[in-house]
Amino acid sequence: MYTVLKNTQIVIALLKEYGIKHIVISPGTRNGPFVHSVEEDSYFKCYSVVDERSAAFFALGIAKQLREPVVISCTSSTAACNYYSAVAEAYYSHIPLVVLTSDRNPQSRNQFEKQQIEQSGMYGKMIRKAVDLPMDINCDEDFWYCERLVNEALLELDHREGGPVQINLPAYYNMEVFTEKTLPRVKRIYRNELRSLHTNHELSLVEKLHNANKIMMQIGSSAPWSEERKQKARDFCRKYNCTIVAQHMSNTGLEEALNITAGTDICNCLSKAEPEIFISTAGPTQMMYYEKLRKSNTQHWLISKDGEIQDPTHHITEIFETSIDEFFEYFISQADESWTNNEIYHNELIGALKAYTDSRPTLTKLTNIYVYQEFCKLVPSGSLVGMSILNAIRGVETFPLPENVEVYANVGAYGIDGCMSTFIGQATVADKPAYLVIGDLSFIYDMNSIWIRHVSDNIHILLINNHEGIEMHRSFRNHGDLRRFITAGHKASPKGWIEENGFHYYTASSIDELDEVLPVFMEDNRKCVLEVFTNEQDDTTEAFEFYSYSNDASAGLKSAVKSVLGTEGTYKLKKFLGKK
């Protein structure tokens, strides 16, 4: 029988998945749930050594001889301190030890609890990876988090040079209850380096990819792709049933890539076309597809040169510690000459995206979405486009852009600060027309950037001023004085500051004015700003109408529901149903 403590069950189950059998145990109460569980499981070979100092070195000897990881398990407090010398030796000798330090309730740390010291990360630089497991596992999210942490630790045992890892395992209640007959089903994550001598697991992935009918590769934000990489991507997609999805800021330059709009509703249109295997690159993205995939059975493969676990879908099974070029090269070289993409999934995705775009209403008012639409029509080929944050990104990513346009946004940390400064830095050293789309709060926040003396004449800033941050209306439409505290409502225009810093200033407050001034602004050879004035109510309503999408059988009721409930009521209904 196994302990009822879920965190301990997860550790034991993953030790089995990684083939770790040898466990050196020192006596204690706190590690009792783990110890009694493994000693009753014939899979494990357990050794008893009372002195933790000797126990750790004894385990180190076993690991040296067998050339495989060994677990050392002790109770809490100074018992864990006695492992330090052996941990240091294991670190410098690259010996894989799993240092399983049992702990008390994390809530009582530094509260004069007996036999409780700060054990999390206690071995400092002498450890390859240290994780502190949650004590309570109350839901699937908790289970995934604990499972992911254990995977992170065990993956480091043989990563590069390898060495010891620490798993800090708290236990407080039900320590003496052993009623579980089986361990939970856990997911092992594999790290693949795709070196010249390929592992059996890496070789098996080729066949798995070949047998998959629906493969989606998502490209995150990146620098423009070389022609060589584009060709590798095409060759890869010809061999496997894979379709590449991207955004403008992916900068792939692939005509075959399907451009996916940032936002949640575009993901609704893909919900019936979920992939069997979802491959992502490590670059940041504003695509909101990850949460949708959490409810699916999709396998997630991640291409990331640093090899770190990044699991936004909660379904990651494979990490490729390699470049995207090496990933393409490996799977192309391993493919049979007869393999070919049947295009069924590609066409299914095209149909889903077309249904989404066809559902959009015609834009008839001067709103920020209308401005994005008209701006994208006029962006010249070979230019640079910067986007500030949230609405600006969502808007520009919605509409087509010509070929050879580089698109960027600060989507790593995703903050409001520095959007314009970053764009100005890029534009200053770019020998091409440069355009920034930005909202009023982002502009005002970073307005000192146009004072930089290196600002060049290729800079065009499209400022959409609706006198507040309307993004916050998506969550707080009916909560108190939004304009005062949440959306930072104002009546300001930075016109004076713009002109004071030598920028040519354009303005528009109607569709007719925009139609007249926008082409002139786009072609201006001077540094310039076009400030377009819209209003929050129209912007918010138009956005809701434009991005709303349903792909189920009730989609035909959309207009009828709105006629009864109105826009506000429909918005609330969608929130209730989880459609926003």
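In this chain, numbering begins with 1 at the start of the sequence shown.
- A pairwise comparison of heavy atoms in Tyr547 and Thr398 identifies OH-OG1, 2.8 Å as the closest pair.
- The environment of Asp431 atom CG is sparse: at most 12 non-hydrogen atoms of other residues, nucleotides or ligands sit within 6.0 angstrom.
- The minimum heavy-atom distance linking Met387 with Ala409 is given by the pair O-CB, 3.5 Å.
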| query | For Asp336 and Ser338, what are the C-alpha separation, side-chain angles and deciding distance, and is it a side-chain hydrogen bond (donor to acceptor under 3.5 Å, both in side chains)? | reply | CA-CA 5 Å; Asp336 189 272; Ser338 64; 2.6 Å; yes

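- Around the CG atom of Asn297, the shell of radius 6.0 Å holds no more than 12 heavy atoms that belong to other residues, nucleotides or ligands.
- Here the side chain of Thr367 pairs no donor or acceptor atom with the backbone of Glu542 at under 3.5 angstrom.
- The backbone N or O of Leu463 lies less than 3.5 Å from no partner atom in the side chain of Asp440, so there is not a single donor-acceptor pair.
- Looking at Lys239, His198, Glu207, Glu202 one by one, the single match for side chain to side chain contact (heavy atoms under 4.5 Å, CB included) with Gln334 turns out to be His198.
- Annotation: side chain of Met420 is in contact with side chain of Ile438 (closest heavy-atom distance under 4.5 Å).
- Here the rule is side chain to side chain contact (heavy atoms under 4.5 Å, CB included) with Phe328, and of Met217, Gln231, Glu228 only Met217 fits it.
- Checking each of Asn347, Asn342, Leu349 against Tyr345 for a side chain to side chain contact (heavy atoms under 4.5 Å, CB included) leaves exactly one that passes, namely Leu349.
- Using a 4.5 Å heavy-atom threshold, the side chains of Ile324 and Ile219 count as touching.
- Look at Arg160 and Glu321 and you find a salt bridge, because one of the NZ, NE, NH1 or NH2 atoms lies within 4.0 Å of a carboxylate O, short of that distance.
- Side-chain N/O atoms of Tyr506 and Asp524 include a donor and acceptor closer than 3.5 Å.
- Annotation: side chain of Asp538 is not in contact with side chain of Leu366 (no heavy-atom distance under 4.5 Å).
- A side-chain donor-acceptor contact under 3.5 Å links Thr281 to the backbone of Gly220.
- Note that CD of Gln218 and CD1 of Ile260 are 8.5 Å apart. Values are rounded to the nearest 0.5 Å.
- Phe331 and Phe236 have perpendicular rings, their planes meeting at more than 60° on a 0 to 90° scale where under 30° would count as parallel.
- Donor-acceptor pairing under 3.5 Å is recorded for the side chains of Asn391 and Arg394.
- Thr285 and Tyr290 form no side-chain donor-acceptor contact under 3.5 Å, judged by distance and modelled atom types alone.
- Of the inter-residue distances, the one linking Cys419 atom SG with Ile393 atom CD1 reads 7.5 Å to the nearest 0.5 angstrom.
- Relative ring orientation between Phe546 and Phe399 is described as tilted, the plane-to-plane angle lying within the 30° to 60° band.
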| request: Tell me, with the steps shown, if Asp311 and Lys187 meet salt bridge (charged side-chain N to carboxylate O under 4.0 Å, His left out). | output: CA-CA 12 Å; Asp311 189 15; Lys187 175 190 65 180; 3.5 Å; yes

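- The two residues Ser296 and His315 come nearest to each other via the heavy atoms O-NE2, 2.9 Å.
- Without hydrogens or angle criteria, Ser381 side chain to Glu403 main chain gives a donor-acceptor distance under 3.5 Å.
- The two residues Glu156 and Glu152 come nearest to each other via the heavy atoms CG-O, 3.5 Å.
- Taking OG1 of Thr541 as the start and CD1 of Ile369 as the end, the distance is 10.0 Å to the nearest 0.5 Å.
- The 12-atom threshold is not exceeded at NZ of Lys295, counting heavy atoms of other residues, nucleotides or ligands nearer than 6.0 Å.
- A salt bridge does not link Lys214 to Glu274: none of the charged nitrogens lies less than 4.0 Å from a carboxylate oxygen.
- His346 and Glu256 share no donor-acceptor pair across their side chains, judged by distance under 3.5 Å alone.
- For the 3.5 Å distance criterion, the side chains of Asn458 and Ser456 qualify, holding a donor opposite an acceptor.
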| task | Start with the C-alpha distance between Ser421 and Asp446, add both sets of side-chain angles, then the distance that settles side-chain hydrogen bond (donor to acceptor under 3.5 Å, both in side chains), and finish with yes or no. | result | CA-CA 7 Å; Ser421 294; Asp446 197 18; 2.9 Å; yes

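- Asp325 places no side-chain N or O within 3.5 Å of a backbone atom of Arg229 that could act as its donor or acceptor partner.
- With hydrogens and angles ignored, the 3.5 Å screen pairs no side-chain donor or acceptor of Asn213 with any backbone N or O of Asn241.
- At a threshold of 4.0 Å, the pair Arg185-Glu17 does not count as salt-bridged, since none of the basic side-chain nitrogens sits closer than that to a carboxylate oxygen.
- When atom types are taken as modelled, the side chain of Asn466 and the backbone of Glu536 share no donor-acceptor pair closer than 3.5 angstrom.
- In this structure a side-chain-to-backbone donor-acceptor pair under 3.5 Å is present from Asn251 to Ser222.
- Remark: side-chain polar atoms of Ser359 are paired, donor with acceptor, to backbone N or O of Tyr356 under 3.5 angstrom.
- A side-chain donor-acceptor contact under 3.5 Å links Glu397 to the backbone of Met249.
- Ion pair Asp235/Arg238 flagged as a salt bridge, since at least one NZ, NE, NH1 or NH2 atom sits closer than 4.0 Å to an Asp/Glu carboxylate oxygen.
- Atoms NZ and CD1, on Lys129 and Ile309 in that order, are 8.0 Å from each other to the nearest 0.5 Å.
- The aromatic rings of Phe320 and Phe327 stand perpendicular to each other, their planes meeting at an angle above 60°, with 30° marking the opposite boundary.
- More than 12 heavy atoms of other residues, nucleotides or ligands lie within 6.0 Å of OH in Tyr18, so this atom counts as buried by the packing criterion.
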